[in-house]
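Quick note: residue numbers are just sequence positions, from 1.
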Amino acid sequence: MMTQENEEVNKIREIYDDRKTLGIDYSPLNPSNYYILSSREKMLNHFLNKYYQRTLPTIKIIDIGFGNGFDIFNLVKYGATVRNIYGTEIIKERYEKVKYALTDTNLRMVENFILPYPNGLFDLVIQSTVLSSIQHEESRKKLASEMLRLLKKGGKVFSYDMRYPNPFNKDTLAIDKKELKNLFEGGKFLDIKATTFNPVLTRKIAPSSILLCQMLEKFPFLSSHYYSVIEKV
């Protein structure tokens, strides 16, 4: 019997296949993608430095929906121990690509939003634009609850997601402050920072000037995403 979660997973896979068929370019060699990824990396670097500067090699980390492995590769670059990095993914092609590159990481393919790990295993959970891809409210809430379940007391979620609806992408939704607090009910919000210049405008400006996108990002009302830190209490 097909559950709501299975339907959500299948829909996300179909969207991925459709975008691939259309030839949508997610390569960091594309200037707009490079800027967006570098904006996300800057915030990851900032919060790792703030909360885990001295302990990064010793903590257990899981990346939920790791995609092309962007955050995982950055974690390794910053000094995380490879065998302490875990991750889940629903797209087989992405899973195999990252697993091939980083064989000592603990990566798994999953079919739903119940994460196959015991309570309190991790110090840090990372999610990047996963929650905004889940249309069904109950499924989003379940996944966010799973993220908190996996954390030790005092562990943290690093969440990067869209704060405004994207009028050109009906397959994503906004994860604004109200929705964040609803999803991570019971967690303690330590930081919520607006970041990443609006992607629609980025695609027009970045080919000519990535620097201008970086400058415009400093104005919060022009930033399209939140990077949030939520602590398990």
Side-chain angles (χ1 to χ4, degrees), residues 1-13 15-16 40 43-44 47-48 51-52 59-67 69-72 75 80 84-91 94-95 105-165 171-193 225-233:
M1 179 176 167
M2 182 75 71
T3 67
Q4 179 66 48
E5 292 176 40
N6 294 133
E7 289 178 4
E8 286 278 0
V9 168
N10 287 339
K11 182 177 179 182
I12 292 169
R13 287 171 174 162
I15 291 167
Y16 174 80
R40 181 168 125 200
M43 295 307 300
L44 175 66
F47 286 127
L48 286 174
Y51 295 107
Y52 296 107
I59 64 173
K60 282 194 183 317
I61 307 166
I62 184 166
D63 187 349
I64 307 300
F66 57 78
F70 180 75
D71 287 324
I72 290 178
L75 288 167
N84 287 341
I85 299 174
Y86 294 67
T88 62
E89 178 54 48
I90 63 171
I91 307 295
R94 290 180 164 184
Y95 162 79
T105 50
N106 300 283
L107 307 182
R108 290 195 189 185
M109 276 284 296
V110 294
E111 297 296 326
N112 55 44
F113 303 127
I114 302 298
L115 303 176
Y117 305 96
N119 297 348
L121 179 62
F122 298 102
D123 301 278
L124 174 61
V125 173
I126 295 175
Q127 84 84 22
S128 299
T129 64
V130 171
L131 294 172
S132 60
S133 300
I134 301 171
Q135 298 289 325
H136 190 253
E137 182 179 2
E138 185 177 333
S139 296
R140 281 197 311 279
K141 184 75 173 175
K142 181 176 288 186
L143 182 57
S145 177
E146 282 286 275
M147 292 180 193
L148 289 177
R149 178 185 68 78
L150 296 184
L151 284 173
K152 301 173 183 177
K153 185 176 181 180
K156 296 169 182 64
V157 176
F158 285 5
S159 174
Y160 174 82
D161 231 318
M162 300 179 63
R163 62 188 288 216
Y164 296 134
D171 297 313
T172 61
L173 46 84
I175 307 294
D176 57 18
K177 286 184 179 179
K178 181 179 179 182
E179 178 66 3
L180 278 168
K181 291 181 184 296
N182 174 57
L183 290 172
F184 294 103
E185 184 179 4
K188 180 181 179 183
F189 281 77
L190 302 180
D191 278 292
I192 302 180
K193 293 189 181 298
H225 291 65
Y226 280 129
Y227 208 119
S228 310
V229 179
I230 304 104
E231 183 177 65
K232 183 173 182 177
V233 296

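Arg163 places no side-chain N or O within donor-acceptor distance of the main-chain N or O of Ala174, the cut-off being under 3.5 Å. A donor-acceptor pair under 3.5 Å links the side-chain atoms of Ser133 to the main chain of Thr129, judged by distance alone. Side chain of Lys156 to main chain of Gly154: a donor-acceptor pair is present (N/O by atom type, distance under 3.5 Å, no hydrogens or angles). A donor-acceptor pair under 3.5 Å links the side-chain atoms of Lys232 to the main chain of Leu151, judged by distance alone. In this structure, Glu89 contributes its side chain and Phe66 its backbone to a donor-acceptor pair below 3.5 Å.
In this structure, His225 and Tyr160 have parallel ring planes: the angle between them is below the 30° cut-off, well short of the 60° mark.
Residues passing the salt bridge (charged side-chain N to carboxylate O under 4.0 Å, His left out) test with Asp71, sequence neighbours excluded: Arg40.
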Exercise for the section: Show your reasoning for whether side-chain contact (heavy atoms from CB on, under 4.5 Å) applies to Leu180 and Ile175. Expected result: CA-CA 6 Å; Leu180 278 168; Ile175 307 294; 3.7 Å; yes

Practice task
Starting from the C-alpha separation in whole Å, work towards a yes-or-no answer on side-chain contact (heavy atoms from CB on, under 4.5 Å) for Phe184 and Met147.
Solution key: CA-CA 9 Å; Phe184 294 103; Met147 292 180 193; 4.0 Å; yes

Problem - Pair Tyr52-Phe47, side-chain contact (heavy atoms from CB on, under 4.5 Å): steps then yes or no - result: CA-CA 8 Å; Tyr52 296 107; Phe47 286 127; over 6 Å; no

Practice task
Dump the intermediate steps for side-chain contact (heavy atoms from CB on, under 4.5 Å) on Ile61 and Asp123, then the final yes or no.
Solution key: CA-CA 6 Å; Ile61 307 166; Asp123 301 278; over 6 Å; no

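We find that Arg149 and Glu146 are joined by a salt bridge, their nearest charged nitrogen and carboxylate oxygen being less than 4.0 Å apart.
There is a side-chain donor-acceptor pair under 3.5 Å between Tyr51 and Asp191.
Taking CD of Gln127 as the start and OG of Ser132 as the end, the distance is 7.0 Å to the nearest 0.5 Å. Between the CD atom of Glu179 and the NZ atom of Lys177 there is a distance of 15.0 Å, given to the nearest 0.5 Å. Here CG of Leu150 is found 11.5 Å from CG of Leu124. Values are rounded to the nearest 0.5 Å. A distance of 11.5 Å separates CG of Leu148 from CG of Asn119, quoted to the nearest 0.5 Å. With rounding to the nearest 0.5 angstrom, the CG atom of Leu131 is 13.0 Å from the CE atom of Met162. Note: Glu138 CD to Leu143 CG = 12.5 Å, rounded to the nearest 0.5 Å.
For the pair Arg94 and Gly67, the tightest heavy-atom approach, listed with the atom from each and the gap, is CB-O, 3.3 Å. When all heavy atoms are compared, the tightest approach of Leu121 to Lys60 is O-CD, 3.5 Å. In terms of heavy atoms, Gln135 sits closest to Thr172 at NE2-N, 3.7 Å. Closest non-hydrogen pair, Phe158 versus Leu44, comes out as CD2-CD1, 3.9 Å. Between Arg140 and Leu173, the shortest heavy-atom contact is NH1-CD2, 3.4 Å. In terms of heavy-atom proximity, Tyr117 sits nearest to Gly87 at OH-O, 3.7 Å.
Contact annotation: the side chain of Glu185 approaches that of Lys141 to within less than 4.5 Å [non-hydrogen atoms, C-beta and beyond]. Side-chain contact between Asn182 and Glu137 is present, with heavy atoms from C-beta onward closer than 4.5 Å. Here the side chains of Leu75 and Asp63 are not in contact, with every heavy-atom distance at 4.5 Å or above. Considering only heavy atoms from C-beta on, Ile62 comes within 4.5 Å of Thr88 through its side chain. Counting heavy atoms from C-beta on, the side chains of Val125 and Ile230 never come closer than 4.5 Å.
Both tests pass for Lys181 against the ring of Phe189: distance under 6.0 Å to the centre and angle within 45° of the axis.
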